[in-house]
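Remember, predicted model here, so these are calculated numbers, not experimental data. Numbered from 1 within each chain, the chains take letters A, B, ... in sequence-line order.
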Amino acid sequence: MSGSLRDTNLEGWNRPPVIVPDGEGELLEVAMGPHHPSTHGVFRMDLALDGERVVRLKPVFGYLHRNHEQIGETVSYLAMMPYTDRLDYICSLTNNWAYALAVEKLVGQAVPERAEYIRVILAELTRIVNHASAIGFLIQEMGASGTPLMYAFREREKILDLFESLTGSRMMCNYMRFGGCRVDPSAAWLDATRKVVAGLPQFAHEFENLLMSNEIVMARCQGVGKLRPELAINAGVTGPMLRASGVNYDIRKVDHYGVYDRFKFRVPLGDHGDIYDRYMVRVLEIHESIGILEQALKEIPGGPVMDPKAKIRGFRPKPGEAYGRIEGPKGELGFYLISDGGNSPYRFRVRPPSLINLTVLEDMCLGHNVADVVLIFGSVDIVLGEVDR
Amino acid sequence: MLGEGILKGLAETARNAVGSFVSKDRLTTVEYPEERLPLPEASRNFPFLVYDGTDWEKGLRCVACQICEKECPPKCIYIDKSKDKKPDAFGRPQIYPAKFDIDISVCMSCQICVEVCPFEAIKMDTQYELSTDDRFGGLLLDRKELAKSNEYYHQIHPTEASEVDAKLAAEKVKADAKAKAAAGAAAAKAAAAAAAPKPAEAAAKPVVLADAPAAKPQGEGD
Amino acid sequence: MKSVEEIKAAIEAAVPGAGVEIVPNPSPSGQHSLRLLPSHAVAVAYFLRDDEDLGLDFLSNLTGVDHLDKEIAEKVKVTRQVTKTVDGVEQTVDEVVEETRKHMEPGYLETVYHLFSMAKKHGPVVLRMRTVNRTDEVELPSVTPVWRSAEFQEREVFDLYGVVFTGHPDLRRLLMWPEFKDHPMRRDYKEPDDFEYEPTPHDTVLARAKDHKAAVAGQEGTGTGL
Amino acid sequence: MEEGLKIELGKQGVFVTTIEELYNWGRKNSVWPMQFGLACCAIEMIATTMARYDLARFGAEVFRPSPRQADLMIISGTVTKKMAPQVVRLYNQMAEPRYVIAMGACAISGGPFKQGYNVLKGIDRYIPVDVHIPGCPPRPEALLQAFMTLQKKIEEQPLTGEGRPRHLDAEAQGEFPVPVQGEHDLEPTSNKLVWPLPVVIR
């Protein structure tokens with residue numbers, strides 16, 4: 001990141017001027033979505049086109065608004081845990097962790113060391129799953145229908161098998177608890193994980209070879225959908241998208257939550273902030289995650305996975321509030337809880353990285369072709385369950 | 001050279017295509033109806049009720065304490081407490097669920113009912129082939145459809161079931177000892193003051209019943 | 001990072017009349033917040049973002065909270081003059097009596113802001129603002145010109161809570177459809193009656209299912225399933 | 001013809017069939033689903049089409065983005081009140097014979113989210129559903145099994161008389177009314193023709 005914010009003029013943050021067509025023809029208004037094969041679910045963009053070029057783009061949300069926040073305020077703290085699985089349904093375990101972290105902050109609950117290691121292992125596996133499928137979807141939208149996504153999902157199935165044998169469910173794990181984890185992984189499970197992790201570098205390498213230097217991918221991605229770092233910071237963009245713009249901000253390094261400061265890993269940074277950088281940052285993050293996994297699986301200590309003093313049923317925190325956040329695969333995932341001493345939170349708020357990363361969608365798309373909009377949107381890597389909640 | 005990257009990618013796909021003939025790792029297809037992947041032991045789908053012995057109605061471990069009903073996040077369990085007590089599998093008179101319905105069209109397979117159950121009465125099934133065209137009849141399971149034997153539980157979750165059995169046995173021994181001690185103490189007391197002996201069941205009954213929710217308002221259904 | 005007290009002092013030095021108030025947070029998280037006056041909020045926001053030491057360039061989270069009208073009963077000790085007969089003589093004596101006084105605390109809508117610094121890597125600084133009431137005076141200044149990340153989040157608060165952000169460039173509903181009239185996250189929102197089939201009714205659902213049944217029975221004279 | 005005789009003839013190398021069987025055999029092995037993902041279950045639906053489960057083995061690998069070219073709508077996820085009119089419209093745009101699988105708890109009844117103000121409590125309030133798969137989300141195998149259930153249903157449909165497929169029934173309802181987003185809720189809240197309310201006996 002170059003210098004501080006003050007030397008950039010953000011007063012004119014209002015979008016670049018709309019390009020008005022010169023007299024001949026009119027703007028074509030297109031509603032893309034909510035049922036559109038390229039969008040990741042039910043998302044709608046209202047586009048105004050000048051020929052092929054985008055001159056206005058308004059995202060329309062709410063097609064998957066499932067009232068997570070309202071439900072969070074009516075059910076108990078424990079009962080909200082399985083709902084968090086369904087926020088970002090590709091990465092249920094990081095959602096679990098963020099929520100558990102927020103509640104642990106609210107009540108000042110400590111977590112045993114072994115549980116912290118397990119959380120790191122599961123979160124990094126989730127990150128690999130997410131990044132691999134995000135890249136797969138992105139390339140699918142580029143026209144490579146099937147193959148990369150097929151490879152990504154083949155690897156995902158292996159990791160999902162691990163999740164299932166530990167937590168009982170493939171996608172909706174509901175595994176973490178306030179003060180630890182629900183079940184202790186057996187030695188056999190850890191061995192199976194080591195085996196899967198040992199196979200991952202090869203997968204990452206193949207996945208990289210498959211696409212990284214592909215001329216078509218480069219032609220479609222490089223220089224498209226650029227995001228300036230100043231705008232990225234001001235718009236609250238987080239996660240791989242922010243780092244692709246060259247801002248060194250990884251909550252794993254900043255907040256030192258969990259036991260992340262015990263592991264050696266690097267934060268991949270992009271240079272141009274275009275689609276290709278976002279894609280490469282994700283590829284490199286897969287490599288770093290594999291590194292963290294190897295270290296964590298080597299160092300994992302014994303001991304309990306649950307603080308014996310932690311309460312599960314009848315959990316009533318004292319009045320107060322807390323904001324807990326983690327570096328989810330998509331960005332900063334935060335939970336903000338206000339307790340009034342009751343059975344359920346007075347206010348339950350999810351800070352969705354996907355929604356806030358979409359703030360800059362219009363800025364990235366303006367002036368590009370319609371075909372690029374799909375790619376730029378894909379490179380943001382969103383999950384609608386989290387955007388609309 | 002232009003096209004080098006594409007060739008590199010094609011080499012990868014070729015490696016995968018050829019590899020799928022020789023390596024099990026690359027050919028992952030499971031031909032579902034004929035061959036099935038073994039489910040991991042922890043796998044879960046929908047809850048069921050465990051019963052001991054052979055008679056499902058008599059052997060249900062559930063005592064209708066309604067904790068799971070209260071804790072269930074999507075509120076898909078419906079329990080009606082019985083008015084009378086019936087002897088359970090061990091011959092102790094217990095309240096039993098007169099009605100125990102689970103609406104699996106709502107259930108989110110979260111396992112919280114299993115976690116909060118103090119009687120090890122509700123467990124997760126692994127059965128997933130449940131698709132039906134009967135919206136109302138096929139998806140509302142009553143207590144007869146939910147009841148599965150302890151042997152079945154051993155079959156699907158062997159490790160967990162053995163642990164549960166050991167725990168229950170230990171609890172029973174403890175409770176029996178306690179009851180015996182209480183009876184002994186009572187007998188001693190009775191010998192001293194000729195007081196009536198305490199019933200053994202009171203001591204054997206777990207404490208958790210105390211915070212079970214109050215009975216539901218009657219007459220909401222007809 | 002500076003403590004809340006220091007931040008308060010810095011704000012008051014930079015923005016005269018800002019009227020910042022510290023809201024303590026009793027939870028172990030220790031995230032105390034600062035309540036701003038809506039009239040000075042934008043100036044304070046610019047200061048927080050551009051200050052050398054604070055550099056809070058990243059508005060992470062913005063949300064609304066609804067506080068209903070509350071009846072507060074508090075016990076007050078009141079000194080009263082009582083006429084008593086002591087030893088056959090009437091005297092006026094001061095007597096301390098405990099009295100329960102009830103007063104209505106008007107409800108309000110609150111917005112909460114969580115600020116971090118990406119340049120300095122610190123945070124969070126929590127800000128709050130209140131509207132005057134929940135019905136007609138629900139305007140708060142928008143911080144979207146300061147932090148762009150507020151754009152969608154303010155629209156969401158407008159949609160679900162009904163806080164009107166003045167100065168927002170595009171204040172429309174975010175999640176619900178445009179024709180929708182209510183603000184569903186408000187605590188007194190009444191959901192539409194669509195509980196037709198509830199085989200496992202509970203608490204609130206049970207009550208609503210019953211209401212629905214009564215309504216249908218009143219309308220048609222026929223019963224439907226819960 | 002008797003089933004036993006048919007099998008016996010098959011063993012001898014003679015295949016006997018009826019028009020109805022042949023017709024239904026063709027239909028059941030080329031069900032093209034619509035590429036239409038709503039929520040969590042969509043990910044499991046995608047997983048079903050991927051290498052391990054391989055929906056292509058059932059002749060259904062062609063996911064069509066356009067409703068005009070699709071035979072099957074897999075409602076894979078929560079239908080919100082904001083999305084419901086679009087789902088009904090998409091269903092109306094599909095050509096007969098069309099089938100609907102409600103995949104997962106949310107599509108059947110609103111599932112865990114049915115307490116929410118913006119969640120439709122089951123898509124069968126507006127359109128007829130052929131197969132329901134409970135689960136949250138159902139495993140890919142469960143989707144395959146539901147698919148086989150649907151194939152069986154197609155196979156058993158007679159071409160004439162009662163229970164014939166709707167494209168052969170001139171009187172069958174083609175258009176389903178699309179709900180309108182009102183000021184507080186969808187209007188109407190359900191289509192009474194496809195949503196016969198059962199009575200739960202307690």
Side-chain angles (χ1 to χ4, degrees), chain A residues 31 33-44 60-72 74-75 79 82-83 85-90 92 129 133 136-137 140 145-147 149-158 160-161 164 169-172 174 383-386 388-389, chain D residues 34-54 56 61-67 70 73 76-87 89-91 93 104-106 110-120 135-142 181:
Chain A
H35 163 64
H36 185 268
S38 71
T39 54
H40 297 213
V42 279
F43 178 72
R44 178 170 140 207
V60 180
F61 303 95
Y63 290 100
L64 195 53
H65 179 43
R66 301 193 278 193
N67 334 113
H68 273 274
E69 294 186 1
Q70 183 221 28
I71 291 171
T74 51
V75 301
Y83 281 103
D85 288 337
R86 286 150 179 88
L87 272 173
D88 172 355
Y89 35 78
I90 296 183
S92 68
V129 167
S133 29
F137 283 125
Q140 171 125 0
S145 66
T147 313
L149 192 61
M150 201 82 102
Y151 293 170
F153 267 67
R154 192 183 66 203
E155 224 52 33
R156 178 178 179 265
E157 290 293 341
K158 288 181 194 158
L160 253 52
D161 281 349
E164 191 179 9
S169 182
R170 284 159 51 86
M171 278 171 71
M172 308 305 178
N174 180 20
V383 154
L384 260 298
E386 191 178 72
D388 295 339
R389 281 154 295 138
Chain D
M34 182 155 68
Q35 185 176 347
F36 178 59
L38 282 170
C40 326
C41 294
I43 302 294
E44 285 296 60
M45 184 177 81
I46 294 167
T48 316
T49 63
M50 288 297 150
R52 183 181 281 185
Y53 301 102
D54 199 9
E61 77 276 27
V62 209
F63 271 74
R64 293 277 105 176
S66 159
M73 190 177 194
S76 50
T78 319
V79 185
T80 58
K81 285 181 181 165
K82 191 164 178 173
M83 190 65 198
Q86 275 83 335
V87 175
R89 202 166 295 140
L90 283 170
Y91 181 74
Q93 285 169 0
C106 295
F113 298 101
K114 73 176 196 183
Q115 305 156 42
Y117 49 83
N118 192 26
V119 175
L120 185 71
C136 192
R139 296 176 63 85
E141 289 101 326
Q181 288 164 339

Check: Asn174(A) main-chain N/O paired with Asp85(A) side-chain donor or acceptor under 3.5 Å:
yes

Looking at Asp388(A), Val383(A), Thr74(A), Asp161(A), which has the largest count of heavy-atom pairs under 4.5 Å with chain D?
Asp161(A)

Rounded at 0.5 Å granularity, tell me how far CZ in Phe43(A) sits from CG in Leu64(A).
12.5 Å

Residue Gln70(A) versus chain D: region with a heavy atom under 4.5 Å
side chain

Tell me, for Ile90(A) versus chain D, whether the close heavy atoms (under 4.5 Å) come from the side chain, the backbone, both or neither.
side chain

Cut-off 4.5 Å, heavy atoms of chain A, and the answer for Ala42(D) is neither

Met45(D) and its side-chain contact (heavy atoms from CB on, under 4.5 Å) partner, picked from Cys40(D), Ser76(D), Pro140(D):
Ser76(D)

Side chain / backbone / both / neither for Ile71(A) at chain D, heavy atoms under 4.5 Å
side chain

Flag side-chain contact, heavy atom, 4.5 Å: Pro82(A) against Met172(A):
no

Please report whether the ring centroid of His65(A) lies less than 6.0 Å from that of Phe113(D).
no

Report which part of Met150(A) has an atom under 4.5 Å of a heavy atom belonging to chain D: side chain, backbone, both, or neither.
both

Which region of Gln115(D), side chain (C-beta onward) or backbone (N, CA, C, O), has a non-hydrogen atom less than 4.5 Å from a non-hydrogen atom of chain A, or is it both or neither?
both

Heavy-atom proximity to chain D below 4.5 Å, by part of Tyr83(A)
side chain

Top contributor to chain A contacts, counting heavy-atom pairs under 4.5 Å, from Ile46(D), Thr49(D), Asn118(D)
Asn118(D)

Given heavy-atom pairs under 4.5 angstrom as the criterion, report whether the side chain, backbone, both or neither of Arg170(A) touches chain D.
side chain

Is a side-chain donor or acceptor of Asn67(A) paired with a backbone partner of Tyr117(D) at a separation under 3.5 angstrom?
yes

Determine, for Tyr89(A) and Arg86(A), whether the Lys NZ or Arg CZ falls below 6.0 Å from the six-membered ring centre while staying within 45 degrees of the axis.
no

Start with the C-alpha distance between Arg389(A) and Leu87(A), add both sets of side-chain angles, then the distance that settles side-chain contact (heavy atoms from CB on, under 4.5 Å), and finish with yes or no.
CA-CA 6 Å; Arg389(A) 281 154 295 138; Leu87(A) 272 173; 3.4 Å; yes

What part of Phe61(A) gets closer than 4.5 Å to chain D, counting heavy atoms only: side chain, backbone, both or neither?
backbone

Top residue by heavy-atom pair count (under 4.5 Å) with chain A, among Arg139(D), Arg52(D), Met34(D)?
Arg52(D)

At a 4.5 Å cut-off on heavy atoms, which part of Tyr63(A) comes close to chain D: side chain, backbone, both, or neither?
both

Can you tell me which portion of Leu90(D) sits under 4.5 Å from chain A's heavy atoms? Options are side chain, backbone, both or neither.
side chain

Donor-acceptor pair, Thr48(D) side chain versus Tyr53(D) backbone, under 3.5 Å?
no

Contacting region of Ser169(A) [heavy-atom separation from chain D under 4.5 Å]
neither

What part of Glu69(A) lies closer than 4.5 angstrom to a heavy atom of chain D: side chain, backbone, both or neither?
neither

For the residue pair Gln181(D) and Lys81(D), establish whether any side-chain heavy-atom pair is separated by less than 4.5 Å.
no

